[in-house]
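Since the structure comes first, as structure tokens, the remarks are kept for the end.
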Amino acid sequence: MTKTPTAAAYLADLTIRIGRLLDVNADAIAAAADAIERTAKADGLVYVFGTGHSHTMAEEAHYRAGGLALTVPILAGVTMVHEGAVAGTVFERMSGIVAPVFARYPIGPNDVLIVVSNSGVNTATVEAAMIGKTVGATVIAITSEAYSRLAAQGRTRLADVADIVLDNGGPPGDATTSVAGSELRVGPVSTSIGAALMNAVFVEAAARLQSAGVAAPIYLSANMPGAKEVNEALVARYRPRNPHL
């Protein structure tokens with residue numbers, strides 16, 4: 001008998017959900033990897049945007065050991081949680097918030113825009129995807145199809161706008177684990193699964209680039225041999241187009 005049965009239940013559920021990702025998303029992962037491969041070959045960029053806790057996917061991709069250096073996070077305090085989470089929840093539902101944020105990032109037709117939203121219906125993320133489509137970028141959504149269908153209530157979903165949809169398979173409300181003696185549920189999964197999905201696409205894209213004879217721009221962990229030289233070269237290449245380096 002485990003001393004932590006609820007923790008065990010949560011981790012078991014998360015493991016099952018991650019194990020199902022390829023079954024549900026095989027075609028979408030392949031299409032997303034193709035899009036990033038094309039972008040890399042065209043010397044384009046992969047932008048990542050989310051609001052609330054979904055913004056952590058943008059930071060996960062940014063300057064990441066083992067990650068692709070062509071990724072650019074789209075970050076603005078008004079859409080995140082560290083400068084006022086309650087206000088951010090209001091702002092992410094307001095029309096017009098993301099247009100001035102996106103004006104800082106020259107996204108174009110050679111680029112990919114990854115938009116992350118678990119519920120898939122907040123105005124800011126839907127408008128972000130629309131901006132990406134307008135400028136000709138390939139738009140990839142990471143979302144919960146089940147949650148967004150329930151939450152939409154006639155509204156346009158992120159999944160309706162995106163070119164490619166990666167379904168995190170999460171339940172409506174995100175929390176997965178029952179709390180004994182109550183009707184409460186605890187244990188969100190969208191961040192863990194979202195990171196796994198996004199990195200699955202990145203590793204596939206990197207492998208395809210190398211197979212095509214194109215050096216994948218991969219950061220090394222700062223404590224690994226040769227990291228300083230590799231990372232300095234990548235920063236010099238991408239800093240002019242990435243305001244967060």
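All values below come from the heavy atoms of this structure, side chains included, with hydrogens, waters and symmetry mates left out.
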Atom CG in Leu245, atom CG in Leu234: separation rounded to 0.5 Å? 9.5 Å
Measure across His55 and Gly50 and return the closest heavy-atom pair with its distance rounded to 0.1 Å. CB-O, 3.2 Å
Are Glu37 and Glu204 close enough, and set up right, to give a side chain to side chain contact (heavy atoms under 4.5 Å, CB included), and what steps lead you there? CA-CA 9 Å; Glu37 180 185 3; Glu204 182 66 27; over 6 Å; no
Separation of Leu197 CG from Ile142 CD1 (nearest 0.5 Å): 6.0 Å
What do you reckon, is CG of Asp27 surrounded by more than 12 foreign heavy atoms closer than 6.0 Å? no
Can Val126 and Asn122 be said to form a side chain to side chain contact (heavy atoms under 4.5 Å, CB included), step by step? CA-CA 6 Å; Val126 173; Asn122 288 332; over 6 Å; no
Atom CG of Leu45 and atom OG1 of Thr39: how far apart are they, to the nearest 0.5 Å? 8.5 Å
Do Pro171 and Val189 touch side chain to side chain, with heavy atoms closer than 4.5 Å? yes
Does some side-chain heavy atom of Met57 sit less than 4.5 Å from a side-chain heavy atom of Thr191? yes
Who clusters with Val24? Use side-chain heavy atoms, under 4.5 angstrom, across I, L, V, M, F, W and Y, and order the result by chain and number. none
Start with the C-alpha gap between Arg241 and Asp43, add the side-chain angles, then the distance that decides, and say whether salt bridge (Lys or Arg N to Asp or Glu O under 4.0 Å) holds. CA-CA 11 Å; Arg241 294 183 288 162; Asp43 196 29; 3.1 Å; yes
For a quick test of your reading: what N or O donor-acceptor pairs under 3.5 Å do the side chains of residues 61-70 make, sequence neighbours left out?
residue, atom, partner, partner atom, Å
His62, NE2, His244, O, 3.1
Arg64, NE, Glu60, OE1, 3.4
Arg64, NE, Glu60, OE2, 3.4

Between Phe49 and Phe102, ring centroids under 6.0 Å: yes
Can you name the closest pair of heavy atoms from Pro217 and Leu209 and give their distance? CD-CD1, 4.5 Å
With the 4.5 Å side-chain cut-off for hydrophobic clustering, are Val203 and Val48 part of the same group? no
Between the main-chain N or O of Ser119 and the side-chain N or O of Ser144, is there a donor-acceptor pair closer than 3.5 Å? no
Please name the pair of heavy atoms, one in Ser221 and one in Ala227, separated by the smallest distance, quoted to 0.1 Å. O-CB, 3.0 Å
For Ile140 and Asp163, what are the C-alpha separation, side-chain angles and deciding distance, and is it a side chain to side chain contact (heavy atoms under 4.5 Å, CB included)? CA-CA 6 Å; Ile140 300 172; Asp163 299 297; over 6 Å; no
Are the side chain of Arg17 and the backbone of Gly169 linked by a donor-acceptor contact shorter than 3.5 Å? yes
Is the side chain of Arg185 donor-acceptor paired with the backbone N or O of Thr176 at a distance under 3.5 Å, no angle test? yes
What's the verdict on salt bridge (Lys or Arg N to Asp or Glu O under 4.0 Å) for Asp167 and Arg20, showing C-alpha distance, side-chain angles and the deciding distance? CA-CA 11 Å; Asp167 181 9; Arg20 292 173 179 163; over 6 Å; no
Linking I/L/V/M/F/W/Y whenever their side-chain heavy atoms sit closer than 4.5 Å, directly or via other members, would Tyr238 and Ile74 fall into one cluster? yes
Is Leu22 close to Ile29 at the side-chain level, that is, under 4.5 Å between some pair of heavy atoms? yes
If you compare all heavy atoms of Thr6 against all heavy atoms of Ser178, which two are closest, and at what distance to 0.1 Å? CG2-O, 4.2 Å
Met224 reachable from Ile218 in the ILVMFWY side-chain graph, under 4.5 Å edges: no
Under a 4.5 Å cut-off applied to non-hydrogen side-chain atoms, are Asn118 and Thr143 in contact? no
Would a single hydrophobic cluster contain both Ile114 and Val101, if residues Ile, Leu, Val, Met, Phe, Trp and Tyr are joined by side-chain heavy-atom contacts under 4.5 Å? yes
Euclidean distance, Asp160 CG relative to Arg155 CZ, rounded to 0.5 Å: 12.0 Å
Hydrophobic clusters here meaning ILVMFWY residues chained together by side-chain heavy-atom distances under 4.5 Å, can you tell me if Leu166 and Tyr147 are in one? no
Between Asp111 and Ile107 (side chain of the first, backbone of the second, donor and acceptor by atom type, cut-off under 3.5 Å), is there such a pair? no
Hey, does Ser54 have a side-chain heavy atom less than 4.5 Å from the side chain of Val115? no
Test item: Gln210 side-chain N/O and Ala216 main-chain N/O as donor-acceptor pair under 3.5 Å: yes
Starting at OG of Ser117, measure out to CG of Leu158 and round the result to the nearest 0.5 Å. 6.0 Å
Show every donor-acceptor pair shorter than 3.5 Å between a side-chain atom in residues 130-139 and any protein atom, with sequence neighbours excluded, or say none if there are none.
residue, atom, partner, partner atom, Å
Lys133, NZ, Val161, O, 3.1
Thr134, OG1, Met130, O, 2.9

Can you tell me if Thr56 uses its side chain to pair, donor with acceptor, with the backbone of His53 under 3.5 Å? yes
Any chance you could lay out the salt bridge (Lys or Arg N to Asp or Glu O under 4.0 Å) test for Asp34 and Arg38, step after step, and finish with the verdict? CA-CA 6 Å; Asp34 284 344; Arg38 289 194 301 271; 5.1 Å; no
Could you tell me whether a side-chain N or O of Asn231 sits under 3.5 Å from a main-chain N or O of Leu220, the two making a donor and an acceptor? yes
Residue pair Tyr219, Val235: steps toward the side chain to side chain contact (heavy atoms under 4.5 Å, CB included) verdict: CA-CA 9 Å; Tyr219 285 121; Val235 168; 4.2 Å; yes
Could you tell me whether the side chain of Asn168 and the main chain of Gly170 form a donor-acceptor pair under 3.5 Å? yes
Is any side-chain heavy atom of Glu145 less than 4.5 Å from a side-chain heavy atom of Val165? yes
Under 3.5 Å, is there a donor-acceptor pair between the side chain of Tyr10 and the main chain of Pro188? yes
For the residue pair Phe202 and Thr71, establish whether any side-chain heavy-atom pair is separated by less than 4.5 Å. yes
Here the gap from Ile193 atom CD1 to Leu21 atom CG, rounded to the nearest 0.5 Å, amounts to 6.0 Å
